[in-house]
Novice: 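My questions all concern the structure below.
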Amino acid sequence: MVDTCGSPAPIPVTTRVTPGLDAGILRAMSARESNEGYSIIENASLRGRNTFGVEARAAMLVEVREPAAIEGLFNSSLLRARPVLVLGEGSNVLLTRDWPGIVLSIATRGIEVLDDDGATARVRVQAGEHWNDFVHWSLSEGFSGLENLVLIPGAVGAAPIQNIGAYGAEVREFIVEVEAWDREAGNWARFDNAQCAFAYRDSVFKRACDRYVVTAVTFALPRQHTLRMEYAGVREELAHMRVASPTPSMLAEAITRLRRRKLPDPAQIGNAGSFFKNPLVDDALAQTLRREHADLPTWPGGAGKTKVSAAWLIERAGLKGVRDGDAGMSDRHALVLVNHGHASGAQLWGFARRVRATVRERFGVELEPEPRVV
Ligand code: FAD
Ligand code: EPU
């Protein structure tokens, strides 16, 4: 069994386990569901809740609509006694097996402007808001900054988990505060930007896997912001649109078009975007690789490290568009693991490991999955 969070099998964060609990608590909680801001489904299918579209079942799916319900749920023996997997919109998870405990879906909604001095506004967003809707809301309100992050799937609460990024921007640039339930301490916690320890596709929340349940994120959104158009293809797309002086919304439109062209759509073919991170390798290894392969795309990685293109490594290893049954790498983008129809999570993970082994053998570079592999 695998879990990229580090545990071979899900382990409850707290250890107080009351045996023989399920039926009674379940009945009691199900009875209270309608007025307590959450609902419960037993033996729930997760197929429609992960963008790979793989079948896996949760012993119990708890969907939270009211933030106030979270504390009570975590203080109940039901959640204390069972492994809990938090799920947003399932666009960055690969489920290789059923989940024996509780899948907690945060479906809370709300966007609240806390203050606005005319230059910058602080905006608090509930974790269950859809990220792309929030980006479009921010543009329609005259804010700027999030346009490069348009069309990234998922919920707002998941955005800080791996510090989502695209087209030369990362969400950490705009995050002021993250609110979370700390499962280990059993209380609410607030993280300012520095405490989130953001890095490339990483944060304190991703590292302390399963400890924090993000419930709201506060952003600082500027009205004036220098547009980022340096990422490969962006200026060309704007030129194609015949736009010389883009507004943030026009830049969002250009990036939307680029993304639709480059990445397979999960509604058509199951995937989770990039399956591997772009690896950070020692500068010396990067130099050796570049001497042998002048066209290998690289970026500065900080502190003696260079970031190299995982898509390039996979394509050069001959794996772009290759499939084994219904599991394979996309023929549109070499970094995207795809489910051609009925692959199981275990088959997809098997194919991903084959890709990893081939790239290691060929280039001496270790690829690390970006999504959480359960
Ligand atoms: P999920 O997949 O549900 O969860 C992801 C992880 O976060 C899991 O470990 C889960 O336990 C945890 N989690 C989720 N919500 C919470 C919460 N409230 N509290 C605590 N933990 C939580 N990512 C990028 O960075 N850039 C891209 O350009 C990009 N493009 C993509 C394109 C496609 C087509 C797809 C399918 C994915 C892409 N992704 C990209 C990945 C994905 O969209 C992001 O990682 C997104 O933030 C995941 O959101 P989600 O709600 O689906 O999270
Ligand atoms: N490339 C190939 N073959 C391919 C595709 C790309 O060789 O099939 C090479 C090309 O040289 C290209 C380079 O890889 O110039 C970079 O490709 P791309 O611009 O598509 O970016 P990426 O490094 O593959 C990263 C993120 C994406 C993000 C884009 C745009 C990671 C792991 N992935 O992909 O994020 O949207 O940049 O900023 O950092 C995600 O995280 O799920 C995701 C999709």
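Whatever order the structure lists them in is the order used to number ligands and atoms, beginning at 1. For reference, positions follow the sequence shown, starting with 1. What you are looking at is a predicted structure, and each value in this text was computed from that prediction instead of being measured.
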Novice: For ligand 1 and Asn92, I'd like to know whether there is a polar contact (N/O to N/O, distance under 3.5 Å).
Specialist: yes

Novice: In terms of side-chain geometry, is the basic nitrogen of Lys320 or Asp331 positioned less than 4.0 Å from the acidic oxygen of its partner?
Specialist: no

Novice: Could you list the atoms of ligand 1 found under 4.0 angstrom from a heavy atom of Ala155?
Specialist: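 Selected atoms, number and element: 49 (O), 50 (P), 51 (O).
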
Novice: Mind checking whether Trp181 and Trp188 have parallel, tilted or perpendicular rings, split at 30° and 60°?
Specialist: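 Perpendicular.
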
Novice: Considering Gln162, Arg260, Lys206, which one's heavy-atom position lies nearest to atom 23 (N) of ligand 1?
Specialist: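 Among Gln162, Arg260, Lys206, the closest heavy atom to atom 23 (N) of ligand 1 comes from Gln162.
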
Novice: Touching ligand 2 at all, Arg316? Heavy atoms, strictly under 4.0 Å?
Specialist: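 Heavy atoms of Arg316 never come under 4.0 Å of ligand 2.
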
Novice: From atom 26 (C) of ligand 2, work out which of Glu170, Arg201, Glu315 has a heavy atom at the shortest distance.
Specialist: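 Looking at heavy atoms only, the winner is Arg201.
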
Novice: Output the list of atoms in ligand 1 that are nearer than 4.0 Å to some heavy atom of Gly154, sorted by atom number.
Specialist: 49 (O), 50 (P), 51 (O), 52 (O)

Novice: Under 4.0 Å from atom 12 (C) of ligand 2, do we find at least one protein heavy atom?
Specialist: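 Given the 4.0 Å limit, the answer for atom 12 (C) of ligand 2 is no, no protein heavy atom qualifies.
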
Novice: Would you call Ser203 and Phe191 a side-chain contact if the rule is heavy atoms closer than 4.5 Å?
Specialist: no

Novice: Show me the pairs that pass salt bridge (charged side-chain N to carboxylate O under 4.0 Å, His left out) and involve residues 258-268, at least two apart or across chains.
Specialist: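 Checked against salt bridge (charged side-chain N to carboxylate O under 4.0 Å, His left out) - neighbours excluded - the pairs reaching residues 258-268 are Glu237-Arg261.
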
Novice: Taking N or O atoms only and a 3.5 Å limit, does Lys277 qualify as a polar contact for ligand 2?
Specialist: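 There is no such contact.
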
Novice: Nearest non-hydrogen contact with atom 48 (C) of ligand 1 belongs to which option: Ala216, Ser91, Gly165?
Specialist: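 Of the listed residues, Ser91 has the closest heavy atom.
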
Novice: Enumerate donor-acceptor pairs with a distance under 3.5 Å from any side-chain N or O in residues 287-294 to protein atoms, sequence neighbours excluded.
Specialist:
from	atom 1	to	atom 2	distance (Å)
Thr288	OG1	Ala284	O	2.9
Arg290	NH1	Thr298	OG1	2.7

